[in-house]
There are 2 protein chains.
Amino acid sequence: MNENVVLTPERILEATEDVLRRFGLAKATVVDVARALDVSHGSVYRHFPSKASLREAVAKRWLERLNAPLAKIAEASGPAPARLERWLRTMFAIKHKKVSDDPEMFTTYLTLAREACKMVKAHKDGLVDQIAHILSDGVKQGTFQVTDAKTSARAIFDATSRFHHPAHAEEWRDPQLAARIDVLLALLLKGLEAPRKR
Amino acid sequence: MNENVVLTPERILEATEDVLRRFGLAKATVVDVARALDVSHGSVYRHFPSKASLREAVAKRWLERLNAPLAKIAEASGPAPARLERWLRTMFAIKHKKVSDDPEMFTTYLTLAREACKMVKAHKDGLVDQIAHILSDGVKQGTFQVTDAKTSARAIFDATSRFHHPAHAEEWRDPQLAARIDVLLALLLKGLEAPRKR
DNA sequence: TGATTAACAGATATTGAAATCTGTCATCGC
DNA sequence: GCGATGACAGATTTCAATATCTGTTAATCA
């Protein structure tokens with residue numbers, strides 16, 4: 001297939017995701033990727049210096065796809081509390097959907113992410129910044145009271161780990177999950193709340 | 001050793017923990033345990049029906065040892081907010097100490113606990129009950145305002161997962177850990193706080 | 001008599017030889 | 001000249017033979 005199409009990093013990544021989906025993380029080889037593209041595996045090494053860097057690039061794409069819809073919410077306008085809640089619920093929903101739609105692919109991406117832990121750290125920092133941005137808006141609007149938006153944002157991120165950190169993915173099948181999220185979000189929003197004007 | 005001492009479940013558990021410490025979870029066999037006690041492995045099977053049940057008993061002991069000091073705090077008297085904070089900080093400290101003192105043994109116990117997940121569930125429920133008890137005290141004292149102590153307790157437990165759930169153990173080496181805990185606890189306590197009397 | 005043992009069958013783990021994969025590079029074809 | 005190739009060395013994985021372990025039981029011992 002694709003006889004006269006140039007070989008690009010983009011096409012290689014596409015093929016790699018395909019191979020990962022078909023063979024799983026453990027069985028997927030560079031030779032498989034090359035075969036899927038109908039080229040020699042040496043050609044793949046022209047675009048990616050190693051198998052590790054190829055995996056890293058796949059992980060990066062995945063993290064970017066997770067990030068995009070959240071960034072949109074963080075940058076939106078409107079009352080901060082509702083926005084924070086929507087942002088958090090969206091983050092949970094994205095993760096929960098990924099794991100329930102295709103658990104195998106989720107664990108695959110999860111392992112890739114663990115290998116690229118530096119990239120994950122940057123991803124997390126970006127998410128905390130987005131929360132901090134919403135918190136700052138809330139302070140400006142007078143609805144939130146926090147001494148430092150960045151540390152409070154991190155606290156919110158930490159407090160919700162149970163519902164977004166992949167290490168807890170198995171616990172997301174709990175039928176009471178939605179209720180637990182509701183109670184926690186209410187508690188956190190109350191903790192951020194500025195006292196009413198007198 | 002111990003030629004004329006009767007073989008009890010207690011002694012077997014002691015020996016099992018010893019063997020686990022010396023050989024690690026993967027290498028520890030029932031034969032090793034029997035050898036440590038200077039009996040045949042058949043004798044061990046007189047007290048525990050299977051290797052799995054032996055492991056389960058070890059896990060149970062471990063969970064009970066974790067639970068004891070926390071139960072004491074939960075049952076104590078005094079202002080609820082300070083008690084809740086002390087309870088949570090003690091739980092974090094116990095876990096963090098275990099993992100930093102002997103990381104290998106921690107992962108061993110962690111795997112045992114995963115196998116005995118029913119027991120872990122009961123353990124967690126007990127901890128949530130302890131939090132709920134403190135929250136109820138706080139409501140009586142007029143310092144906390146919660147609609148349902150049990151669900152709020154679970155929210156507190158969930159919100160602090162990042163600092164007590166073993167899945168996050170690797171993240172506990174963070175030099176800013178203490179600061180993160182401080183900010184989160186302040187946020188949660190503010191979220192539980194009853195409005196001042198007018 | 002009741003705990004302990006040694007021998008045993010089936011399940012699980014180890015090991016080392018053979019196969020496959022990763023990453024390199026001299027060579028090829030356009 | 002430039003991207004692609006395929007043959008290659010060293011690293012990694014697979015697989016099947018072998019060894020060890022789990023759990024049972026009939027025989028032993030005190």
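- In terms of position on DNA chain D, the residue among A:Gly42 and B:Gly42 whose nearest nucleotide sits closer to the 5' end is A:Gly42.
- Taking only side-chain nitrogens and oxygens, B:Ser43 comes nearer than 4.0 Å to OP1 or OP2 of C:dT5.
- Spacing between atom CG of B:Asp38 and atom P of C:dA3 amounts to 19 Å, rounded to whole angstrom units.
- A:Val31 is not connected to A:Leu7 by any chain of hydrophobic side-chain contacts under 4.5 Å among Ile, Leu, Val, Met, Phe, Trp and Tyr, and they are in different clusters.
- If you measure from atom CZ of A:Phe48 to atom P of C:dG23, you get 13 Å, rounded to the nearest angstrom.
- Atom CD1 of A:Ile12 is separated from atom P of D:dA4 by 8 Å (rounded to the nearest Å).
- Using modelled atom types, one finds no donor on one side chain facing an acceptor on the other under 3.5 Å when comparing A:His165 with A:Glu171.
- Nucleic acid contact for A:Val30: sugar-phosphate only, since backbone atoms but no base atoms lie under 4.0 Å from a heavy atom of the residue.
- Rounding to whole angstrom units, CZ of residue B:Phe23 and P of D:dC21 are separated by 10 Å.
- Comparing atom distances between the A:Ser40 side chain and each of D:dG6, D:dG23, C:dG23 picks out D:dG6 as nearest.
- For the residue pair B:Gln130 and B:His133, no side-chain donor N or O sits within less than 3.5 Å of a side-chain acceptor on the partner.
- Side chain of B:Thr29, nearest nucleotide from D:dA4, D:dT22, C:dC21: D:dT22.
- Taking atom CG of B:Leu7 as the reference point, atom C1' of C:dG2 lies 14 Å away to the nearest angstrom.
- A donor atom on one side chain and an acceptor atom on the other are found under 3.5 Å apart for B:Asp32 and B:Thr29.
- Side-chain proximity of A:Val39 to C:dT5, D:dT5, D:dG23: nearest is D:dT5.
- To the nearest angstrom, P of D:dT13 lies 12 Å from CG of A:Leu25.
- Taking atom CZ on B:Arg55 and atom P on D:dG23, their separation rounds to 10 Å, with Å as the unit.
- Between the side chains of A:His47 and A:Glu10, no donor N or O sits under 3.5 Å from an acceptor N or O.
- As a whole-Å value, the separation of A:Asp32 CG from D:dT13 P is 14 Å.
- Proximity of B:Lys27 to the phosphate of C:dT14: a side-chain N or O atom is located under 4.0 Å from OP1 or OP2.
- Looking at the side chain of A:Tyr45, the nearest of the listed nucleotides C:dT4, D:dT24, C:dT22 is C:dT22.
- Among the nucleotides D:dT5, C:dG23, C:dT4, the one closest to the side chain of A:Arg46 is D:dT5.
- Which of C:dG23, D:dT22, C:dC21 sits closest to the side chain of A:His41 comes down to C:dG23.
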